[in-house]
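Numbering of ligands and ligand atoms starts at 1, following listing order.
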Amino acid sequence: MHEMSIAMNILEIAEQNASDSGSSVINSIEVEIGTLAGIELSSLSFCFETARKSTRLAQSAKLEIISIAAVGKCADCNVDAEADFYHALCPECGQPVAVKGGRDLRVKSINVD
Ligand SMILES: [Zn+2]
């Protein structure tokens with residue numbers, strides 16, 4: 001499952017980070033996920049809860065998801081158009097604009113003890 005490998009990847013990054021800093025418990029992991037990253041958030045949360053059981057430091061870690069919207073800019077009007085799917089329309093002239101960002105997943109911060 002796609003989301004399972006993502007969850008394991010997040011936990012791996014967090015555990016590496018925590019052990020590098022000499023921490024023994026991971027309390028929470030904050031991740032930024034673009035709305036166009038193709039990740040099912042409820043599925044990711046579910047997978048995370050399953051995957052954390054096989055970790056050493058993240059047994060009770062919480063996953064905090066920050067959703068990052070993709071943004072498009074109209075070349076003619078120089079206006080930003082927020083896009084929640086692959087195509088956005090300019091709010092001024094209504095023509096399709098190129099959508100940037102919103103495709104990434106990033107571990108933003110890790111809260112440890
Ligand atoms: Zn426009």
Side-chain angles (χ1 to χ4, degrees):
M1 194 195 289
H2 182 53
E3 278 78 10
M4 182 53 92
S5 60
I6 294 168
M8 289 169 73
N9 194 18
I10 292 169
L11 284 161
E12 221 168 86
I13 293 167
E15 278 210 302
Q16 186 62 53
N17 244 279
S19 63
D20 283 355
S21 64
S23 309
S24 55
V25 178
I26 298 170
N27 295 320
S28 63
I29 305 166
E30 208 173 35
V31 293
E32 290 180 339
I33 300 176
T35 50
L36 304 182
I39 298 167
E40 185 68 54
L41 299 187
S42 57
S43 173
L44 179 62
S45 298
F46 178 80
C47 291
F48 180 87
E49 281 173 25
T50 306
R52 73 181 178 184
K53 289 176 192 150
S54 57
T55 66
R56 203 163 51 82
L57 306 176
Q59 289 283 320
S60 57
K62 286 192 184 66
L63 181 66
E64 287 165 13
I65 296 171
I66 301 162
S67 196
I68 304 293
V71 174
K73 198 180 214 44
C74 179
D76 291 339
C77 315
N78 205 30
V79 166
D80 288 334
E82 200 166 290
D84 52 2
F85 47 98
Y86 287 95
H87 304 286
L89 297 178
C90 171
E92 291 293 322
C93 67
Q95 74 172 334
V97 299
V99 175
K100 283 188 298 189
R103 289 177 173 83
D104 305 320
L105 182 149
R106 194 168 76 89
V107 175
K108 193 177 177 233
S109 68
I110 299 157
N111 184 303
V112 295
D113 270 344

Quick one: salt bridge (Lys or Arg N to Asp or Glu O under 4.0 Å) pairs with a partner in residues 6-32, sequence neighbours left out?
-> E32-R106
Tell me, do E64 and I29 make a side-chain contact under 4.5 Å, heavy atoms counted?
-> no
Give, for atom CD of E3 and atom CG of N9, the distance between the pair rounded to the nearest 0.5 Å.
-> 13.0 Å
Please check if the side chain of Q59 supplies one atom and the backbone of K53 the other of a donor-acceptor pair under 3.5 Å.
-> yes
One should read off an interatomic distance between R56 CZ and L11 CG, to the nearest 0.5 angstrom, of 13.0 Å
Report the protein N/O/S neighbours of the Zn ion (ligand 1) that fall below 2.8 Å; do not count waters.
-> C74 SG, C77 SG, C90 SG, C93 SG
T55 side chain vs A51 backbone, donor-acceptor pair below 3.5 Å = no
